[in-house]
Amino acid sequence: MDFPKIAPYLQDPLVLMGFALFLFFGFVRLLIKSGTIPPLNQQGGFRVLTQILRYGFVLAIAIILLGFGLKYREMSRQEQAAAVRLISAELASNMEVAGELQKNTLTIMNAASTISTVLRMPGIKLLPAFFPQENLDPETDVPASLDYARQRIKLATDQGVLLDKLEMQKFGLAGQAIAGTISRTQSTIRSLADEDRTRYVISDSAWQAQLPILRRINIIDAARMEGIYADLRLLRTNYGVVVHHCMDYTGAVHTFFVTSPVTEQSLSEVLAGERIFMLTATAYSKSVADKLQRVEEARTYLSDAVRSL
């Protein structure tokens, strides 16, 4: 028998205990055969046999209980590892969804940026008069939208631009082109909205299903993982908010250019919609990047937890 080949099996507690008992009883048998232990009379032999049976029974019960305990522990570890792997796989799927939301947000921001750039087209004096560059700067404080609109219309009036027929004609033609661009852009934005939440779904079914198992153990920080899932759910909700603000903005711009004359109300809706969307979309874009990083760190954390089992 090659001992090095069987040595690894001695790491199992039950095998190790059986091996120890084998050595013990083998040694006792050797002692009896050698005559080192003197023969016992009938009464003494009965006592020894009684003790052997008693402690042998206790030892057998202990080994059985130990076997059940070890098997439970082994099954529990397998169960824990399976639960953590399921959650890790679900997070990987949710990361893909969050990545799609990130790409969509960039697409929407680029579309809105194109519109805001056209609104400030050089060569048409009314456009920069109505739509100042500072409205796009999150670091710049601007007045309330209605007051802001009054200021911009007053500025255009004071400059005489509103009375310039040529400028008004150029403004009208530019408005038609911008309204047409928005009509085409809105269909793209609407397709990315997923208002019924069937395309971009953040799933937590594996997390909810495995939570009873995870609450019985301490191999992962359940509170941390719950925070990750809460972040992902909020990310999906806020995506809808960003898309909604973009639709409001583009809709306000479209209404502004297809209705005449220019009013303080219609201009204020464009300025407010543009400001709100740019602030919201910029903050959301940063939030997506941060949360994706947190999810990636959580998956690494889960992988380490599985390896530790």
Side-chain angles (χ1 to χ4, degrees), residues 102-193 241-286 288-289:
Q102 187 179 42
K103 292 177 184 177
N104 292 351
T105 302
L106 292 176
T107 299
I108 292 169
M109 290 180 70
N110 288 336
S113 179
T114 298
I115 294 171
S116 66
T117 299
V118 173
L119 289 179
R120 291 157 179 84
M121 186 188 306
I124 303 176
K125 296 179 180 179
L126 270 173
L127 290 178
F130 286 154
F131 309 109
Q133 189 68 31
E134 64 184 14
N135 197 48
L136 300 175
D137 185 2
E139 303 299 326
T140 302
D141 291 330
V142 297
S145 58
L146 192 56
D147 292 338
Y148 205 13
R150 290 194 186 104
Q151 291 180 15
R152 304 315 299 182
I153 292 176
K154 183 176 184 304
L155 176 64
T157 302
D158 293 344
Q159 291 176 345
V161 182
L162 279 176
L163 302 177
D164 188 321
K165 292 184 179 179
L166 178 60
E167 288 298 327
M168 288 297 295
Q169 185 180 12
K170 290 194 293 184
F171 177 76
L173 293 174
Q176 292 177 14
I178 293 171
T181 300
I182 289 175
S183 296
R184 293 187 294 274
T185 302
Q186 281 185 321
S187 62
T188 301
I189 297 172
R190 195 175 291 109
S191 70
L192 298 176
V241 173
V242 170
V243 176
H244 177 74
H245 283 319
C246 187
M247 294 294 293
D248 285 349
Y249 169 48
T250 56
V253 175
H254 187 272
T255 300
F256 178 79
F257 283 110
V258 298
T259 56
S260 184
V262 173
T263 65
E264 293 177 353
Q265 183 63 36
S266 62
L267 179 56
S268 70
E269 289 177 0
V270 174
L271 294 173
E274 181 179 65
R275 182 77 174 180
I276 292 172
F277 170 72
M278 290 302 177
L279 291 174
T280 305
T282 301
Y284 180 76
S285 182
K286 183 178 182 302
V288 173

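Any value given below was found using the heavy atoms of this structure, including those in side chains, with hydrogens, waters and symmetry copies removed. Only a predicted model underlies this, so the values are computations on that prediction, with no experimental measurement involved.
How far CG of Leu166 is from CD1 of Ile124: 10.0 Å, rounded to the nearest 0.5 Å. A distance of 6.0 Å separates CD1 of Ile108 from SG of Cys246, quoted to the nearest 0.5 Å. To the nearest 0.5 Å, the span separating CG on Leu136 from CG on Leu279 amounts to 9.5 Å. Here CG of Leu173 is found 11.5 Å from CE of Met168. Values are rounded to the nearest 0.5 Å. Note that the CG atom of Leu271 and the CD1 atom of Ile276 stand 11.0 Å from one another [nearest 0.5 Å]. Note that CG of Leu126 and CE of Met121 are 12.5 Å apart. Values are rounded to the nearest 0.5 Å.
Within the structure, salt bridge (Lys or Arg N to Asp or Glu O under 4.0 Å) pairs that include any residue of residues 241-263 do not occur (at least two apart or interchain). Legend: side-chain hydrogen bond (donor to acceptor under 3.5 Å, both in side chains) pairs involving residues 105-127, not counting sequence neighbours, sorted by first then second residue: Arg120-Glu274. Note on residues 152-176: pairs passing ring pair (Phe, Tyr, Trp, His ring centres under 6.0 Å), not counting sequence neighbours, are Phe130-Phe171, Phe171-Phe257.
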| Can you check side-chain contact (heavy atoms from CB on, under 4.5 Å) on Leu192 and Val243, steps first, answer last? | CA-CA 8 Å; Leu192 298 176; Val243 176; 5.7 Å; no
| request: Decide yes or no on side-chain hydrogen bond (donor to acceptor under 3.5 Å, both in side chains) for Thr250 and Gln186, but give the supporting numbers first. | output: CA-CA 7 Å; Thr250 56; Gln186 281 185 321; 3.2 Å; yes
| said: Go through it in stages, so that I can follow the logic: the residues are Ile153 and Leu162, the test is side-chain contact (heavy atoms from CB on, under 4.5 Å), and I'd like the CA-CA distance, side-chain angles, deciding distance and then a yes or no. | reply: CA-CA 9 Å; Ile153 292 176; Leu162 279 176; 4.3 Å; yes
| Test log, rule side-chain contact (heavy atoms from CB on, under 4.5 Å), inputs Thr255 and Glu269 | CA-CA 10 Å; Thr255 300; Glu269 289 177 0; 5.5 Å; no
| query | Should Met109 and Phe277 be marked as a side-chain contact (heavy atoms from CB on, under 4.5 Å) after you check the CA-CA gap, both sets of side-chain angles, and the distance that decides it? | reply | CA-CA 9 Å; Met109 290 180 70; Phe277 170 72; 4.3 Å; yes
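Contacts of Asp147 classified as salt bridge (charged side-chain N to carboxylate O under 4.0 Å, His left out), with partners at least two apart in sequence or in another chain: Arg150. Here Gln169 pairs with nothing under the side chain to side chain donor-acceptor pair (under 3.5 Å) rule; sequence neighbours left out. Qualifying side chain to side chain donor-acceptor pair (under 3.5 Å) partners for Lys154, counting only residues two or more places apart in sequence or in other chains: Asp158.
Side chains of Glu264 and Tyr148: a donor-acceptor N/O pair is absent below 3.5 angstrom, by distance only. Residues Ser285 and Thr282 bring no donor and acceptor atom of their side chains to less than 3.5 Å of each other.
Nearest heavy atom pair, residue Thr188 against residue Ser191, reads O-OG, 2.6 Å. The minimum heavy-atom distance between Ser268 and Ala149, with the atom names listed, is N-CB, 3.6 Å.
In terms of modelled atom types and a separation under 3.5 Å, the side chain of Arg275 and the main chain of Asp137 share a donor-acceptor contact.
Between Arg152 and Pro132 the shortest side-chain heavy-atom distance falls below 4.5 Å. Contact check for Met278 versus Pro138: no side-chain heavy atoms found under the 4.5 Å cut-off. The shortest side-chain heavy-atom distance between Phe131 and Val270 falls under the 4.5 Å cut-off.
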